[in-house]
Structure formats: C-alpha cells, structure tokens
There are 2 protein chains.
Amino acid sequence: MTEPSSAPMTRIQQKNRDRILEGALTAFSANGFRGATIDQIARAAGLSKPNVLYYFASKDEIHKTLLTTLLEMWLDPLRRLDPKGDPLSEVLAYIRAKLMMSRDFPRESRLFAYEILQGAPHLTEVLGGGLRQIVDDSAAILAGWMEQGRLRRVDPHHLIFSIWALTQHYADFDAQIRAVLGTSRDPLAEAETFAEDLYRRLLAP
Amino acid sequence: MTEPSSAPMTRIQQKNRDRILEGALTAFSANGFRGATIDQIARAAGLSKPNVLYYFASKDEIHKTLLTTLLEMWLDPLRRLDPKGDPLSEVLAYIRAKLMMSRDFPRESRLFAYEILQGAPHLTEVLGGGLRQIVDDSAAILAGWMEQGRLRRVDPHHLIFSIWALTQHYADFDAQIRAVLGTSRDPLAEAETFAEDLYRRLLAP
DNA sequence: CCTGATCCTGACCGTTTGGTCAATATTCCG
DNA sequence: CGGAATATTGACCAAACGGTCAGGATCAGG
C-alpha cells in the first residue's frame, strides 16, 4: 500500500508516478516481469533508480499497479455491449474496438499476455472475480440474442475467447506476423476485413 | 556449437541432453527465458548445475536448441496439408491437430509464445526464412482451392493466423480460460466443436 | 526568508544468477 | 586389470539486480 485512500498527491507525485508507470509499461511489455529491471524502468522514466523506489515500494508494486490500472481500460469495450443494440453490429463493433486496441495499445496487450502466460500470479483474484463476472454477463447478452434468433447459436464463452484470441494475436505475435507477411502489408487493416467476414458468417442467423 | 556434425554421442550424452531439454522446456515455458534459472533446469533434469553446463555451453544454447528442435514438430501439421485432399476436411483436420497439440503440448506452445512476445530474438532467421516459406506454400494451396471454388474466398494468410490464434490461445492463456470457465468444463473439447463450426461456416463454399 | 515537508541521489548491501575450474568419480575398452 | 576418455561436482567468481539509507537539494507556505 503506498497511497491507500486520503493521498493529497502533489503535482510532482502525479507526474512522476505517471512517468514511472509509462516506463514500466514499456519495459514489462518488452521483456516480461522478470526480464525488466528497475534500472530500465528508471531510465525510461527519466529518473534514478532510488527515485523510482521512492514512489513505489517495489518492482512488484509497480507491476501490480500497472495491471490493475490497465485492466479496467482493457475490458472496457466488452462492457459496452448493448443488449438493446443490433446484435451483429454490437459484436462487430466490439471486434473492431479490440483490433484498434491491438494497433494502438500493443504494449498493454503484451503486458497481459505475459502475465497470463505465467499463470496470472498477480491477477488470480481479478480473473476469478471481476473478469469472470463481466464475461458471464456478456455471454448472457449474447445467449439472449441467440435465443431470440437474432444471432446464430454458438457457445458464447468460446465466441468471446475466439475474439480475444484473434484480435490480441495481432499485438502479441506481431513479430511472427511481420516476419511472415513482410513489410509491405498492413496486418491490422487486413485483419479487420478478415475478422468482419469471419464473424458475420459465423453469427448471421 | 556443441555437436556440429560428427558427434558419436554416447548413451549417457543422449540421455542427459534429453533430460536437460525436457527440464528446460518445463522451466522456460513456465517462466520465460529470463525467468528460468539454470538451477531450476538442473533440478528438473535431476542433474547438478555444472553438469548441465557440461552438456550445453550456456543457458542461451539450451534455449536455442530447444526452439529449433521443437519448431519442426510444431509446424509439422501445417506441412501435412494435402493439395489432393478434400479442402474443408484438410483444414478441419489441421485445426483438430493444432487443438490436440494445445492439449498435449502446452509447454511447447508457451515456449514459442514467450519467444515471439519478446520479438523472437532467437528465431528471426527461422521466422523470415523457413516459417515464411511454409506459410506461403500453405497459403498457396488454400488459394488454389479457393480459385477452384472449393473453399470460400478469404485471405489465406489471415486464415492461417486465425487458426494459430484460436488454437494456441487455449494453451497459452489457459489460466484465463480456466478462471472464466470454472473447473467443471472441458475447454478443449468445447473448443473443438466451436472451431469446427466456425471454420465450416467461414469456408464452406 | 525561514522552516518543515517533500524530493532526489550516490554509495552501499545481500542475494541471485550465469558461468568457470580444478579435482574427483565413473565408464569404456584394449 | 589399467589407463585414457568421459562424466560429475563442490567451491568459487564476477556481474546484475532488488532494495536501503543517510544526507543533501528543492519546494511550499507562513
């Protein structure tokens, strides 16, 4: 616990904590938790190592803060599924949003990828709690649409998994995709038309 | 270079190198390259640390050996795409094979996941060379089927990417999937029916 | 301008880790 | 059996790393 509740948080604190988290995101997403060093983070943040540890008690705490802060943003598009909207448009909008996040926030995607690959040691409570709730809720919305015959019947959970898998793949495995596709193509633009076709086919009633 | 070409390779060498690679696979796939220690590998292999380094010059070499050894096996199912076979059956068989690999060889999947997340520092030549060739060849087979009207037209490269993404997701993000789905379900069995439905829909002409 | 709180750093510490080496044990084979 | 090749290990080393700390710089506000 560093700033539990009633923290005034000066401008300097605000600025430096932000810088540190920004640098840490770069470092952790490039090398994983163990691969990143506090020195790296400090350099990326433009601070000295002891100064970094002045704002965060430990490397672990930086990591945990980063994960919990970003998880909200990361799951936000799924929360936006509107039960009142047009089912297919809603799903396709979700997919587009996730693909844009892979393009605009690949570091965040990789950060979570590393964490989950490792067995999610810092996220177990969140995974079994909040995440599961959100996914179950969204799955229920999807299932509702399917029952009304407005979407084809498929397993809603696996539908969500498949969207995660496909969209995040373009951020997490970027190195592989670029190696295979060469430099002249725009993977994410192509991915969007591919994914739209894929899920339209799958879900159109 | 440890055993470049004319290596007699005694039984003890064979056995211990195998043990080391086996232990290293467990260690690397659980914690990534930097997260795994030679001591861990040695313990998993039932050897002492110096003894491990007697068989492999460095941690790096163990890792590289592991990657190059397993890459062949990893890509094998894609090579089995038979241009003379029934297109849809061929693709579905490939998907099933990949899903079985996620079930039976999750460590291998995670090993590659870590490596590519990191930007594939040990695989750059292979990715741009052999892998690209195999993918392009397979994409050509798929494109051929599409031109004959035996498969629906989609981008063959992204088709392959999507299959990789979906199938490997179940191994790499196992922690997340189990957290969301709970313990009473069998993710990979369900994934098989989901994936078959998905790609049948997408590809049936 | 003074003073207390906040901010920052160089020097340092203990541990972990990749890797070495000399010495010993074991195996192989004539 | 005997000696050379192979295998194994405890002890050790240097570098990297996470983290501490005492002291100095800077800032806010009365």
Side-chain angles (χ1 to χ4, degrees), chain A residues 1-28 30-67 114 118 121-122, chain B residues 1-4 6-28 30-67 114-115 118 121-122:
Chain A
M1 312 303 139
T2 303
E3 21 60 85
S5 47
S6 57
M9 189 79 88
T10 71
R11 266 168 317 176
I12 296 181
Q13 269 167 10
Q14 191 58 255
K15 184 192 67 179
N16 282 352
R17 282 180 65 97
D18 284 357
R19 276 192 186 182
I20 291 167
L21 291 175
E22 166 68 21
L25 176 57
T26 298
F28 285 139
N31 304 108
F33 180 76
R34 284 218 45 192
T37 71
I38 300 184
D39 257 317
Q40 251 174 61
I41 296 172
R43 221 172 306 128
L47 301 173
S48 68
K49 184 170 74 159
N51 205 11
V52 167
L53 290 167
Y54 172 74
Y55 289 101
F56 291 89
S58 66
K59 182 180 167 185
D60 233 87
E61 199 189 289
I62 302 176
H63 192 237
K64 203 179 288 191
T65 302
L66 206 53
L67 282 174
Y114 271 117
Q118 224 144 42
H122 289 7
Chain B
M1 313 299 141
T2 304
E3 19 61 86
S6 57
M9 190 77 88
T10 70
R11 265 167 319 175
I12 296 181
Q13 271 166 9
Q14 191 58 255
K15 184 192 66 178
N16 282 351
R17 283 180 64 98
D18 284 357
R19 276 192 186 182
I20 290 168
L21 291 174
E22 166 68 23
L25 175 57
T26 298
F28 286 139
N31 305 107
F33 180 75
R34 285 221 40 192
T37 70
I38 300 183
D39 256 317
Q40 253 175 58
I41 296 172
R43 221 173 305 130
L47 300 173
S48 68
K49 185 170 73 161
N51 205 9
V52 167
L53 290 168
Y54 172 74
Y55 289 102
F56 291 89
S58 67
K59 183 180 166 184
D60 232 87
E61 198 189 290
I62 301 177
H63 193 237
K64 201 178 288 189
T65 303
L66 206 52
L67 282 173
Y114 272 117
E115 174 66 8
Q118 227 146 40
H122 289 7

Interatomic distance where [atom1] belongs to [X] and [atom2] belongs to [N] [whole Å]:
X: A:I20; N: D:dG18; atom1: CD1; atom2: P; answer: 14 Å
X: A:I62; N: D:dG18; atom1: CD1; atom2: P; answer: 10 Å
X: B:N31; N: C:dT17; atom1: CG; atom2: P; answer: 11 Å
X: B:R43; N: D:dT9; atom1: CZ; atom2: P; answer: 14 Å
X: B:Q14; N: D:dT6; atom1: CD; atom2: P; answer: 16 Å
X: A:H63; N: D:dG18; atom1: NE2; atom2: P; answer: 13 Å
X: B:R19; N: D:dA7; atom1: CZ; atom2: C1'; answer: 13 Å
X: A:K59; N: C:dT16; atom1: NZ; atom2: P; answer: 14 Å

| request: May I ask you to say what B:I38 touches in the nucleic acid, namely base, sugar-phosphate or nothing, with a heavy-atom cut-off under 4.0 Å? | output: sugar-phosphate
| query | Base, sugar-phosphate, or nothing for A:A36, non-hydrogen atoms under 4.0 angstrom? | reply | sugar-phosphate
Supply the atom-to-atom distance [X] [atom1] to [Y] [atom2], rounded to the nearest 0.5 angstrom.
X: B:T65; Y: B:D60; atom1: OG1; atom2: CG; result: 9.5 Å
X: B:N31; Y: B:T26; atom1: CG; atom2: OG1; result: 10.5 Å
X: A:Y54; Y: A:R17; atom1: OH; atom2: CZ; result: 11.5 Å
X: B:Y55; Y: B:N16; atom1: OH; atom2: CG; result: 4.0 Å

| message | Does C:dT17 have its OP1 or OP2 closer than 4.0 Å to a side-chain nitrogen or oxygen of A:R34? | response | yes
| message | I'd like to check B:K49 versus B:T37 (side-chain heavy atoms, cut-off strictly below 4.5 Å). Are they in contact? | response | no
| said: Quick check: do B:F56 and B:H63 have side-chain heavy atoms less than 4.5 Å from each other? | reply: no
| query | Taking only residues two or more places apart in sequence, or in another chain, which ones meet A:A24 in a side-chain contact (heavy atoms from CB on, under 4.5 Å)? | reply | A:F28, A:I41, A:I62, A:L66
Between the protein and nucleotides 7-13 of chain C, which nitrogen or oxygen pairs come in under 3.5 angstrom?
{"unit_1": "C:dC7", "atom_1": "OP1", "unit_2": "A:T10", "atom_2": "OG1", "d": "2.6"}
{"unit_1": "C:dC7", "atom_1": "OP2", "unit_2": "A:Q13", "atom_2": "NE2", "d": "2.8"}
{"unit_1": "C:dC7", "atom_1": "OP2", "unit_2": "A:Y54", "atom_2": "OH", "d": "3.3"}
{"unit_1": "C:dC8", "atom_1": "OP2", "unit_2": "A:N16", "atom_2": "ND2", "d": "2.8"}
{"unit_1": "C:dC8", "atom_1": "OP2", "unit_2": "A:N51", "atom_2": "ND2", "d": "3.4"}
{"unit_1": "C:dC8", "atom_1": "OP2", "unit_2": "A:Y55", "atom_2": "OH", "d": "2.6"}
{"unit_1": "C:dC8", "atom_1": "O5'", "unit_2": "A:N51", "atom_2": "ND2", "d": "3.3"}
{"unit_1": "C:dT9", "atom_1": "OP2", "unit_2": "A:S48", "atom_2": "OG", "d": "2.9"}

